[in-house]
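All chains are named by letter (A, B, ...) in the order of the sequence lines, taking the proteins before the strands, and each is independently numbered beginning at 1. What you see is a predicted model, and the numbers here were worked out from it, not measured in a lab.
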Amino acid sequence: MTNLAKRIFYKEFVSYRKRSSTYLSPIVFFLITIALYPLALSNDPADLSFLAPGITWICVLLSTLLSIQNIFNEDFEDGSLDIFFSLRVSTLTLVILKILVNWIFSSLPIIILSSTVVFLLFLPSESLVILLTSLLLGTPVISLFGALAGALSLGKSSILGPAIVLPLSLPVLILGTSAVTSFLNGENPSFYFLMMLAIFIFLLPLICYACIGALRLHYE
Amino acid sequence: MNRAFNSLKTFYHKLGSSPWFYRISEITIPYLALFSFLFLSIGIVWGVFFSPTDFKQGDVYRIIYMHVPAASVSQSIYYTMTVAAVVSIIWRMKMAGIFIKSMAPIGASFTFLALISGSIWGQPTWGTWWIWDARLTSTLVLFIFYIAIISLYSSFSEKKSADQAVSILTLVGAVNLPIIKKSVDWWNTLHQPASIKFTESSSISPEMLYPLIISIFGFYLVVLLSGLMAMRAEIAKREINKEWFKNY
Amino acid sequence: MIYDFNDYNLHVWLVLLITIALISLNLIVPKVRLNKLNKLKKIDKN
């Protein structure tokens, strides 16, 4: 890792760590939305355990949506984004590291917290590892789309984010939940994991460059 | 051979010029209007009023003369927008941006028509207003993309940035639409297969097919017509202070 | 025939209505916008 990359990573990490809302608000949101489902649907353990993988995935999706969209906003407002983009220097490094740090602070806590779903939603405990793996593989893709939505609607609070991220995340959602349900049906979920990994690898360069292009628009 | 290639090049360059487009579209629109009205009315009137009653579905099937063309057009519009998005991003062609901006609402309307007509057709025929199969779900997602494109465009104050942003969004959507369609399709085969089959099990008779083809053609013409008119309005809006427009 | 207004044929009329409405909307709105802009241009000219 180059010196610049290390410095960017360190700066991002510290700025996220300082504001506790970056990792606390997704946690709160996640827990609350998880709680909504039994209250709205049914508190019968059998029902819930059938629905648990899907409910968990939806709540993770919505919670990450919350925090990913203002990924670029702060730097845009205080002008530090200007420096990178007007000099055309290391924009790719910046975008990738920003997405990475954002993922560490918003998605990772939720993924760890989703283990509680074993108790809250009666998820069969043998499938917990599968669920966690599917989340680990799927949330980076959601972060990518969220970063794109944030780059397109830079500085404005628009409802565009969910409208972009949610439809695009449908395949990942389907794959993630299918991984868990197929495991519970006795099949091998590695197909789904490989597909999600493939989608991530395919989209990573594509969406990063799309983000750079979108951010550049605001400096023309 | 060389001359053909050259004339193609000049045509492509002319396409990028707003005054040329404005002038040519003004001339072609009346003829286009005539032909589109002709094909549309012949296709729909023939199909809805004069084609034979279906043995299985009765008269409700006549919705097909509006549903299928609308669905076909809604997808094609997105493909053309994708091409325009590529042109807009790589060559920064103004007209490509104007194209995307003008076609998005048209695409949204016809996708909406496809969804609604499909629902209304589905209820008496197959007993349900909706089903989460690959085709309907991906059409719904397509509709959402159109709306997202329209709303993204309107959130920008500067037209050039708006064009670029919308092109990026269109491209990302284009890459993902097949993925979404495939994954929902495959998800459906994974879970219980739909007890309601939406595929045409019976082959369509010629008396029903001909008005359908005419109707589809009419829809494409009317989309072309609406597109030209919308692009003219957008050109006027953008170039209202330019000399060529003031002296038009 | 379609003029038998039994339950389902109303569906066809409804879809026909919506089709006509949407197509005309897509034709009228650009025309109105263009007319407004041309009027503006005429006022500017004079």
Side-chain angles (χ1 to χ4, degrees), chain A residues 50 54 138 141 144-179 181-182 185 187 189 191-192 195-196 198-200 202-203 205-220, chain B residues 78 85-86 88-90 92 97 108 111 132-134 136-192:
Chain A
F50 172 68
V141 180
L144 281 178
F145 291 132
L148 179 65
L152 284 170
S153 59
L154 194 61
K156 312 163 197 137
S157 62
S158 82
I159 198 62
L160 201 67
I164 297 180
V165 176
L166 294 179
L168 292 175
S169 309
L170 282 180
V172 165
L173 176 70
I174 291 176
L175 287 169
T177 50
S178 302
T181 44
S182 77
N185 288 336
E187 299 158 22
F191 166 70
Y192 306 96
M195 280 299 282
M196 283 196 277
I199 289 181
F200 175 66
F202 172 65
L203 285 177
L206 215 77
I207 302 292
C208 281
Y209 278 110
C211 282
I212 293 177
L215 286 170
R216 249 191 225 142
L217 291 176
H218 300 271
Y219 292 109
E220 286 177 351
Chain B
Y78 200 84
V86 172
S88 169
I89 288 186
I90 299 183
R92 300 294 171 113
T111 317
W132 288 103
D133 73 342
L136 296 210
T137 311
S138 53
T139 314
L140 183 62
V141 170
L142 181 64
F143 181 66
I144 296 175
F145 277 158
Y146 276 122
I147 302 286
I149 289 174
I150 297 172
S151 84
L152 180 66
Y153 183 88
S154 67
S155 73
F156 278 82
S157 43
E158 208 195 296
K159 302 277 181 178
K160 241 196 290 187
S161 325
D163 284 347
Q164 295 297 300
V166 151
S167 305
I168 293 178
L169 186 57
T170 310
L171 278 180
V172 173
V175 167
N176 279 275
L177 267 174
I179 299 182
I180 293 174
K181 176 142 199 235
K182 280 274 145 52
S183 60
V184 178
D185 195 9
W186 163 85
W187 172 81
N188 264 307
T189 58
L190 211 62
H191 299 244
Q192 312 100 328

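Interface remark: A:Phe202 contributes side-chain atoms only to the contact with chain B (heavy atom separation under 4.5 Å). Contact annotation for B:Val184: both backbone and side-chain heavy atoms come within less than 4.5 Å of a heavy atom of chain A. If you measure heavy-atom distances from B:Ile179 to chain A, the contacts under 4.5 Å come from both the backbone and the side chain. For A:Ile207, the part lying near chain B is the side chain, with the backbone staying farther off; criterion is any non-hydrogen pair under 4.5 Å. Contact of B:Ile144 with chain A is made through the side chain alone, with heavy-atom distances under 4.5 Å.
Taking a 6.0 Å sphere around CZ of A:Phe191, one finds it holds more than 12 heavy atoms contributed by other residues, nucleotides or ligands.
Closest approach of A:Leu160 to B:Ser151, counting heavy atoms only: CD1-OG, 3.0 Å.
The most heavy-atom pairs under 4.5 Å with chain A, out of B:Val172, B:Leu177, B:Val141, come from B:Val172. In terms of non-hydrogen atom pairs under 4.5 Å with chain B, the most contact-rich of A:Leu152, A:Leu148, A:Leu175 is A:Leu152. The candidate from A:Ile199, A:Ile174, A:Leu170 with the greatest count of non-hydrogen atom pairs under 4.5 Å with chain B is A:Ile174. Comparing A:Gly213, A:Ala214, A:Ala163, A:Pro167 by how many heavy-atom pairs each has under 4.5 Å with chain B, the most go to A:Pro167.
The side-chain heavy atoms of A:Tyr209 and B:Ile168, taken from C-beta on, include no pair separated by under 4.5 Å.
Rounding to the nearest 0.5 Å gives a distance of 11.0 Å between CD of B:Glu158 and NE2 of A:His218.
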